[in-house]
Amino acid sequence: MEVVIVPDAKEGGELIAEAMAALLRRKPDALLGVATGSTPLPIYEALANKVAAGAVDASRARICQLDEYVGLPAGHPESYRSVVLREVVAPLGLGADSFMGPDGAAEDLQAACDAYDRALAEAGGVDLQLLGIGTDGHIGFNEPCSSLASRTRIKTLTQRTREDNARFFDSLDEVPHHVITQGIGTILEARHLVLLATGEGKADAVAQTVEGPVSALVPASALQLHPHATVVVDEAAASELKLADYFRATYAAKPEWQGL
Ligand code: PGA
């Protein structure tokens, strides 16, 4: 696992957007797995700026979703389908036909989850999967004690995650209890995992993810099992890492051509 400590969220966003741009230059129809929440927004802004400036052509990029709320009415502005279309797909100049996600309104939710796992495989697999991290260590919506081998399925949110996400809704009561999420096993199939964490509130989860044991109690620690996982953190999110100086020195000595 590579850990890159950046001064702030904007630089983290720029660094990751450049890695995505480099991927699109190599593979113009790359399948990009995107995450929701506040953290990845600087990535999407930086990537859209690169596209607008002509630094990369994203016209053949394909975008796929990591997780989704269950039970929100179709078209709800906080459904993750709406968020991804608004924050990622439209700013990149793509249409909804470039996008795939699980159907959180399906009558048979488990069939929709299975269909999504199949669709990801049939699309050739995810080339680069962006991840945020919950204060409880979740990735996607894989809450603590999710199986490390899990596939896309229905999960119940912890009270902590519902409280963390209440800021996107008018009240805590409106935050759904149930979600669909790519499983940890599904996420680990992506060719490159890139987790961005910013702010002091993520410091403990980041330290457990990077330096703690691999444990279902900290779902993000499954990144230790992936051959190409990159964790980008700002100084605040890095504040509990024992090996911070080592990570800084390693990255400072890395040849630029290697990218992430
Ligand atoms: P956040 O969410 O970026 O809004 O903090 C991260 C997550 O829950 O994965």
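In listed order, ligands and their atoms are each counted from 1. Because only heavy atoms are used, hydrogens play no part in the values below, and waters and symmetry mates are left out as well, while side chains stay in.
The aromatic rings of Phe169 and His76 are tilted relative to each other, their planes meeting at an angle between 30° and 60°. By the 30° and 60° cut-offs, the orientation of the rings of Tyr80 relative to Tyr69 is tilted.
The residues lining ligand 1, counting any heavy atom closer than 4.0 Å, are Gly37, Ser38, Thr39, Gly132, Ile133, Gly134, His138, Arg167, Lys202.
Listed by first and then second residue, the side chain to side chain donor-acceptor pair (under 3.5 Å) pairs involving residues 29-38 are Ser38-Arg167 (not counting sequence neighbours). For residues 210-225, no pair satisfies side chain to side chain donor-acceptor pair (under 3.5 Å), with sequence neighbours left out. Note on residues 185-207: pairs passing salt bridge (Lys or Arg N to Asp or Glu O under 4.0 Å), not counting sequence neighbours, are Asp127-Arg191, Arg151-Glu189.
Between Lys50 and Glu18, at least one side-chain nitrogen of the basic residue sits less than 4.0 Å from a carboxylate oxygen of the acidic one, meeting the salt-bridge criterion.
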